[in-house]
Amino acid sequence: MASVVTRFAPSPTGHLHLGGARTAIFNWLLARHFGGTFRLRIEDTDLLRSKQEYTDSILASMRWLGLDWDGEIVYQTTRTELYNSYVEKLLASGNAYYCSCTSEEVEAMRQKAKAQGLKPRYDGHCRNLGLGPGDGRCVRLRLPDSGRVVFDDLVKGSIAVDVKELDDMVIRRADGMPTYNMAVVVDDHEMGLTHIIRGDDHVSNTPKQILLYQALGLPVPRFGHVPMILGKDKQKLSKRHGAKAVIEYEKDGLLPEALVNYLARLGWSHGDQELFSRDELIRFFDGTNLNPSAACFDDVKLAWCNAHTMREMPLSELVAKVRPFVSTLGFGTLESERLEPLCVMFRERASDLLGLAESFRPLLLNATALEYAEKDARKHFVPAAAVHLKVLEGLFASCEPFDAEHIDAVLNAYVADNGLRFKEVAPPLRTALMGFMGGSHLNEIMAFLGKEETVQRLARARAFCEKG
RNA sequence: GUCCCCAUCGUCUAGUCGGCCCAGGACAACGGCCUUUCACGCCGUCAACAGCGGUUCAAAUCCGCUUGGGGACGCCA
C-alpha cells in the first residue's frame, strides 16, 4: 500500500476544541500506524475571523497533546495563486465558467426552488452564456448533467448522492479568492493526502469535492467522516453546551495522555479495551472500527481515565507535573523530596493535577492555620479524646527517629497497651492532623509533617477537645 | 421543504460470514469485602438490541416502512 498521508486542517478562528482534537488524533494515529505522514494546514482564508493568537494556541495544544506533525505547516492565505492556476485549468477545459449573477439573483433562484419543494440551488443561468472574465463575475464549476457520486466512506460505508441534488458551485469568488471547497481540493491534492478523516458535517461537501477532483482529473483520496461529539444532553457540543477548549483541560490539570486516550475511545473501539498507552493506540488504530453513530462526551469517564493515568505514571513525572499547580495555589515552590511523599499519599485520591495539589493544602499550612471541618470537629473533638491526644503528644515527642515506621510502632503500642481500639483513637487524631476525616495513612502524614508540627497540631486539637 | 447520515444499558461501547447473545466489557449508580478515615483494589446488583412488518429452521445482526435524532443545502470555513 502506498504511504499514508493524513492531515489536520483547522481554521484559526478559535482555540482547539474537543471535536477538532479528536479528528486530529484520528488522523495522527492513522499516519503513525502506517508509518505515514501527518500534515498540518491552517485554513486562514477567513480574514475577518482568523487570528494569529488562535493559530499559536492551536499549535500549542497540538504539542501539549503530543501530536507532532511532519513537514512545513501550510497556510492557505499564501497560496491564492496556486488555487487560481487550478481554476484556470478548469476554465480552459470547459469544466468551469464565468457567472455574472448577483447574490440577489441567486437568492431569488433559491427561493423559487424552495417554493417548489426542491432543494434551494443555483439554476445554471450563466452556464451556456460563454461569458468571459469581467467585473463582479465569479467562476462556477460545470457539473455533469446526470449521474451519481458514490464513495466508500471509512466510517459510514457507501454513500451515494445524485448529481441533481447539487448545483454549479462557485469555485472562485468575484474578488478572485477561491472558495473553501476549491482550496481544500487543491491543497489536499498538492499535499499528497491519501486519507482524510474529518467531521460529519463535511459529508455533504464530499460529493462536491469529488466532482472537483474528477473535473481536474485527479485521484480521489479516501474519506472517513466521524460523527460530531455530543454534549451530555445529546445536543451538539457547542460553547453553550459545555464544550471546552483543550487549553482549558490543560489548565484544570488533566494529563494529555488521558485526554488522548479518552477522545480516541470516543467513536472508536478495540474490543473491550478502555485504557491504552500511546503506543497501543498507534498499534491498534488502523482506520477500522470507527463508530458511525454520534457519541456523547462524558466528563465523568474522562476523569476516571485521568485518575487512572495519574496513578500509573512514574512518580518523578507526576511530581514534575503537579509542581506548577502547587505554586499556583500559593503553596510555594517545593523540593521534589517534599512533593514526592505528598504525591504518594494522595495520587490515588485525586482525579486531576489541580485536585491533587489542592489535597496537599492541610499538610502545607501551619498548625495554627489549619481549619477544622465543623462536622468532624464536633463529632471527634470530645473530652475523652483529649486524654489520648495528650498521651500521644508525649509519646511522639520522644519518638526517635520520627519516621513512618516508628510512628506506627508508637501508635500501635499505645492502642494495644491500653486495651483500646483504633476506632477510638484514630478519628480525633486524624481530625487534629488533617482538619477533617480524610487523607492518607496517619503515620505517613505525621512523618511528612515532622515531629514539631505533629505535636503542635495535637496540642491545638486537644484544647478544642477539652472545651468539649 | 429537499437530500444525506445515524439508531444496543443513563453514558462509552463489544457483538467476524445471521445461530455459541433470554446480549459481553467499561464509566456512573447501588450493595458488600478490605480498612486506622477517605480513596484505591476486589466481589456483586441494577440496567439496553426504538417500533412494526418481512426473509429464514434461526435476526441485535439481512430487507422494508414508521418514529426519533443529527447534518447539509453560502461568492463561510
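Small disclaimer: the values here were computed from a predicted structure and weren't measured. Letters A, B, ... mirror the listed sequences (proteins, then strands); counts begin at 1.
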Open item on the list: Using a 5.5 Å cut-off between ring centres and planes within 30 degrees, is F422(A) stacked on the base of U36(B)?
Closed with: yes
Task: base_contact_polar (G25(B) base, E274(A) side chain, donor-acceptor, <3.5 Å) - done: yes
- [ ] Can you tell me, in whole Å, how much space there is between the P of U11(B) and that of G19(B)?
- [x] 26 Å
TODO: Counting Watson-Crick and G-U wobble pairs only, both distances under 3.5 Å, name the nucleotide matched with U37(B), or none.
DONE: none
TODO: In whole angstrom, give the distance that lies between atom OH of Y122(A) and atom C1' of G74(B).
DONE: 14 Å
TODO: Have a look at D187(A) and tell me which of R39(A), R79(A), R7(A) forms a side chain to side chain donor-acceptor pair (under 3.5 Å) with it.
DONE: R79(A)
Task: Pairing nucleotide - U45(B), Watson-Crick or G-U, each distance under 3.5 Å - done: A29(B)
TODO: Identify, between E348(A) and K156(A), the residue whose nearest nucleotide on RNA chain B lies closer to the 5' end.
DONE: K156(A)
Task: C1'-based separation of U13(B) from C75(B) [nearest Å] - done: 44 Å
- [ ] Would you classify H441(A) as touching base, sugar-phosphate or nothing, given that sugar-phosphate means primed atoms plus P, OP1 and OP2, and contacts are heavy atoms under 4.0 Å?
- [x] base
- [ ] Identify whether any heavy atom of L266(A) sits under 4.0 Å from a base atom; if not, whether one sits that close to sugar-phosphate; answer base, sugar-phosphate or nothing.
- [x] sugar-phosphate
TODO: Identify whether any heavy atom of T13(A) sits under 4.0 Å from a base atom; if not, whether one sits that close to sugar-phosphate; answer base, sugar-phosphate or nothing.
DONE: nothing
Task: Donor-acceptor pair (no angle test) under 3.5 Å: D200(A) side chain, G71(B) base - done: no
Open item on the list: For C73(B) and S204(A) - does any side-chain N or O of the residue sit under 4.0 Å from the phosphate oxygens OP1/OP2?
Closed with: no
- [ ] From the options U2(B), G74(B), U36(B), select the nucleotide whose nearest atom is closest to the side chain of E165(A).
- [x] U2(B)
Task: Qualifying residue for side chain to side chain donor-acceptor pair (under 3.5 Å) with H225(A), from D201(A), N205(A), D153(A) - done: D153(A)
Task: Base partner of G68(B), which must satisfy Watson-Crick or wobble distances under 3.5 Å - done: C6(B)
Task: Worked check of side chain to side chain contact (heavy atoms under 4.5 Å, CB included) between L212(A) and M182(A) - done: CA-CA 8 Å; L212(A) 224 26; M182(A) 186 68 215; 4.3 Å; yes
Open item on the list: For a quick check of understanding: with a heavy-atom distance under 4.0 Å over all strands, which category does R172(A) fall into, base, sugar-phosphate or nothing?
Closed with: nothing
Open item on the list: What's G199(A) touching, base or sugar-phosphate or nothing? Going by heavy atoms closer than 4.0 Å.
Closed with: nothing
Open item on the list: Under a 3.5 Å cut-off for both contacts, is U56(B) paired Watson-Crick or G-U wobble with anything, and if yes, with which nucleotide?
Closed with: none
Open item on the list: I'd like to know if the side chain of R127(A) reaches the main chain of D123(A), judged simply by a donor and an acceptor atom lying under 3.5 Å from each other, with no hydrogens or angles considered.
Closed with: no
Task: Expected output: side-chain S50(A) to main-chain L47(A) donor-acceptor under 3.5 Å - done: no
TODO: For the side chain of V300(A), starting at C-beta, report the closest nucleotide among C73(B), A7(B), C27(B).
DONE: C27(B)
Open item on the list: Taking G53(B) as the reference, what is the distance to G71(B) when you measure between their P atoms (whole Å, please)?
Closed with: 32 Å
Open item on the list: Roughly how many Å apart are G74(B) and G68(B), using the C1' atom of each and rounding to a whole number?
Closed with: 29 Å
TODO: Using a heavy-atom cut-off of under 4.0 Å over every strand shown, decide if C296(A) touches base, sugar-phosphate, or nothing.
DONE: sugar-phosphate
TODO: Ignoring the backbone of D272(A), work out which of C73(B), A14(B), A77(B) is nearest its side chain.
DONE: A14(B)
Open item on the list: What's the gap between C63(B) and U55(B) when it is taken at their P atoms, as a whole Å value?
Closed with: 15 Å
Task: Separation between the C1' atoms of A60(B) and G41(B), rounded to whole Å - done: 35 Å
Open item on the list: Taking 4.0 Å as the cut-off, does a side-chain nitrogen or oxygen of R173(A) come that near to OP1 or OP2 on A77(B)?
Closed with: yes
Task: Any-strand Watson-Crick or G-U partner of C73(B), both distances under 3.5 Å - done: G1(B)
- [ ] Using the P atom as the reference point in each nucleotide, state the distance between U45(B) and G1(B) in Å, no decimals.
- [x] 48 Å
TODO: Examine C75(B): is either OP1 or OP2 under 4.0 Å from a nitrogen or oxygen in the side chain of S103(A)? Give yes or no.
DONE: no
Open item on the list: By nearest atom, which of the nucleotides C76(B), C75(B), A14(B) is closest to the D46(A) side chain?
Closed with: C76(B)
- [ ] Scan N205(A) against the nucleic acid and name what it touches under 4.0 Å (heavy atoms): base, sugar-phosphate only, or nothing.
- [x] base
Open item on the list: Taking any heavy-atom pair under 4.0 Å as a contact, classify A115(A): base, sugar-phosphate, or nothing.
Closed with: nothing
Task: Closest-nucleotide ordering on RNA chain B, the 5'-leading residue of V203(A) and L118(A) - done: L118(A)
TODO: Would you mind classifying the nucleic acid contact of G439(A) as base, sugar-phosphate or nothing, using non-hydrogen atoms under 4.0 angstrom?
DONE: base
TODO: Applying side chain to side chain contact (heavy atoms under 4.5 Å, CB included), run through K321(A) and M313(A) and close with a yes or a no.
DONE: CA-CA 11 Å; K321(A) 293 205 173 192; M313(A) 72 198 296; 4.1 Å; yes
Open item on the list: When you measure only distances, ignoring hydrogens and angles, does the side chain of R311(A) come within 3.5 Å of the base of C40(B) through a donor and an acceptor?
Closed with: no
TODO: Please measure how far the P atom in A48(B) lies from the corresponding atom in G54(B), and state the result in whole Å.
DONE: 26 Å
Task: Side chain of D201(A) - closest among G71(B), C75(B), C12(B) - done: G71(B)
Open item on the list: Please classify the nucleic acid contact of A295(A) as base, sugar-phosphate, or nothing, using heavy-atom distances under 4.0 Å.
Closed with: sugar-phosphate
Task: Polar contact flag, side-chain donor to acceptor under 3.5 angstrom, D44(A)-Q76(A) - done: no
TODO: For the residue pair R198(A) and T206(A), confirm or rule out a side-chain donor-acceptor distance under 3.5 Å.
DONE: yes
Task: Under 4.0 angstrom between R265(A) side-chain N/O and U13(B) OP1 or OP2 - done: no
